[in-house]
Student: 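The structure under discussion is supplied below as structure tokens; questions concerning it will follow.
The shown structure was predicted, so the numbers you read here are calculated from the model rather than taken from an experiment. A, B, ... follow the sequence lines: proteins, then strands. Residue 1 opens every chain.
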Protein chains: 2
Amino acid sequence: MRNAEFDKEKVLRAAMCTFLVNGYAKTSMQDLTKATGLHPGSIYCAFDNKRGLFIAAIEQYQQDRSQQFEQLFANEHSALDNLSRYLALIVQEGLSCDATQSCLLTKSLSEMGEQDEQIKQITCNFLQSWHLALAQVFETAKQQKLISAQSNSQFLAQYLVMGIYGLRTVASTQPDIDVLQPLADKLLADLIRQ
Amino acid sequence: MRNAEFDKEKVLRAAMCTFLVNGYAKTSMQDLTKATGLHPGSIYCAFDNKRGLFIAAIEQYQQDRSQQFEQLFANEHSALDNLSRYLALIVQEGLSCDATQSCLLTKSLSEMGEQDEQIKQITCNFLQSWHLALAQVFETAKQQKLISAQSNSQFLAQYLVMGIYGLRTVASTQPDIDVLQPLADKLLADLIRQ
DNA sequence: AAAATACTTGAATGTATGTTCAATAAATAA
DNA sequence: TTATTTATTGAACATACATTCAAGTATTTT
């Protein structure tokens, strides 16, 4: 027996960044060996092929984002304050003009959803679980009497998801705080309005 | 002298569809010769190279969309009715599950914006002119006293742009009328609210 | 009609790519 | 220690790709 020498999470995050900057198709194995420090054979041994590494990177991405999400919402603050902080974070990411801060799930879905059914399934499932997590936040807001008891948490979460997708795209054309912050503010206001 | 034998607009729309389905990187010259009916040499003669054909296809896309937009809004109906019809169209496109109905500008920006500055500029400019056209619609709504005179048309258009970006992404994960229509309805309602 | 011009054809070219593999090294088990 | 298993190395491979080009064809100009 012999264990792998490399740190799997580090390798996956390096691959993740490379895929985020170049996209899947334009990321070469050479890019990946440079970014991860692994030789081709090691990548094929550990992840089967380029696509396998990509899928593993997507899964790592989801895990990292989920953990970040839980950390942000795991407190006793008002759910709406947490939502506000969450949107501020997304605005910040948009301002950074850093491709490694954008969403690997939507980017991959946009690039490959049409041609790779499995990757479409994986990304859609992860996006769906994000939607559900947001719905939970609105449920909490309801319990905290911050929004009307008649509110449809599911729907509000869907609307917020839509808004965040849109906000990220706007950020890619206008990474400007004076553009993004008012949009985020109105989005939140429209969500909590009775 | 001798004129090209092919119909340039037809060729560009065929290329457009191919790029929309496969993305730029995964569209091969072979795909393009098959889709357009042109031989490689003809493509290189008319458009320089694959990238030149891509840029020409983007420009054709913008022209087609602008024309469609103007047709939809060139009437004496209420500006809000026109907006409502416009959103219904976008919902329809989302339901179609047809990659050729999605937005070539945002898709190209997402795929290549990080690596090709010129394509980033072109797509951002076209998206910006769309934003301006929508701002004009809100100006009209203001003149028609359909929205408050204090409304910021520029901002409302930006918010609508954000919503449409988001709606299109939601459609790619859930092409379901029961998901998309309520989102479009709330988006419009939030726009015209005082 | 003849010359000139410009488009069309499709095979050929060189390059870049994802992948494989045999040799080597390291770790564990017997 | 020895045997066995598994990871690492990096050169080699086959393929697929964007692009070129020389020959052929059609149209216009003189």
Student: Taking only the side-chain heavy atoms of B:S42 (C-beta and beyond), determine which of D:dT19, C:dT8, D:dT8 contains the nearest atom.
Tutor: C:dT8
Student: Distance check: side-chain N/O of A:H39 vs OP1/OP2 of D:dT8, anything under 4.0 Å?
Tutor: no
Student: Quick test of your reading: applying salt bridge (charged side-chain N to carboxylate O under 4.0 Å, His left out), list the pairs with at least one residue in residues 154-164 of chain B, sequence neighbours left out, ordered by first then second residue.
Tutor: none
Student: Students often mix this up, so state it plainly: with edges at 30° and 60°, are the rings of A:F47 and A:F6 parallel, tilted or perpendicular?
Tutor: tilted
Student: Give a yes or no answer on whether the side chain of B:H131 reaches the backbone of B:F126 with a donor-acceptor pair at less than 3.5 Å.
Tutor: no
Student: Rounded to the nearest angstrom, tell me the gap between atom CD in B:Q30 and atom P in C:dG10.
Tutor: 14 Å
Student: Measure CG/B:L38 against P/C:dC7 and give the value in whole Å, please.
Tutor: 12 Å
Student: Keeping to residues at least two apart or across chains, list the ring pair (Phe, Tyr, Trp, His ring centres under 6.0 Å) pairs with something in residues 74-94 of chain A.
Tutor: A:F69-A:Y86, A:F73-A:Y86
Student: Using whole Å, what does the distance between atom P of nucleotide C:dC7 and atom CG of B:D7 come to?
Tutor: 16 Å
Student: Once salt bridge (charged side-chain N to carboxylate O under 4.0 Å, His left out) is applied, what residue pairs with a partner in residues 65-74 of chain B remain, sequence neighbours excluded?
Tutor: B:R65-B:E93
Student: Taking only the side-chain heavy atoms of A:F6 (C-beta and beyond), determine which of D:dT8, D:dG10, D:dC17 contains the nearest atom.
Tutor: D:dT8
Student: Check each residue of residues 21-29 of chain B for a non-hydrogen atom within less than 4.0 Å of any atom in DNA chain D, then write out the ones that pass by number, or none.
Tutor: B:T27, B:S28, B:M29
Student: Using a 4.0 Å cut-off on heavy atoms, which residues in residues 43-56 of chain B reach DNA chain D? List them by number, or say none.
Tutor: B:Y44, B:N49, B:K50
Student: Write down the distance between NZ (B:K34) and C1' (C:dG10), rounded to a whole number of angstrom.
Tutor: 16 Å
Student: Go through the structure and list residues passing ring-ring contact (aromatic ring centres under 6.0 Å, His included) with A:Y61, not counting sequence neighbours.
Tutor: none
Student: Working to the nearest 0.5 Å, report the span between CG of A:L127 and OG1 of B:T169.
Tutor: 9.5 Å
Student: Answer yes when A:D190 and B:K186 have at least one side-chain N-carboxylate O distance shorter than 4.0 Å, and no when they do not.
Tutor: no
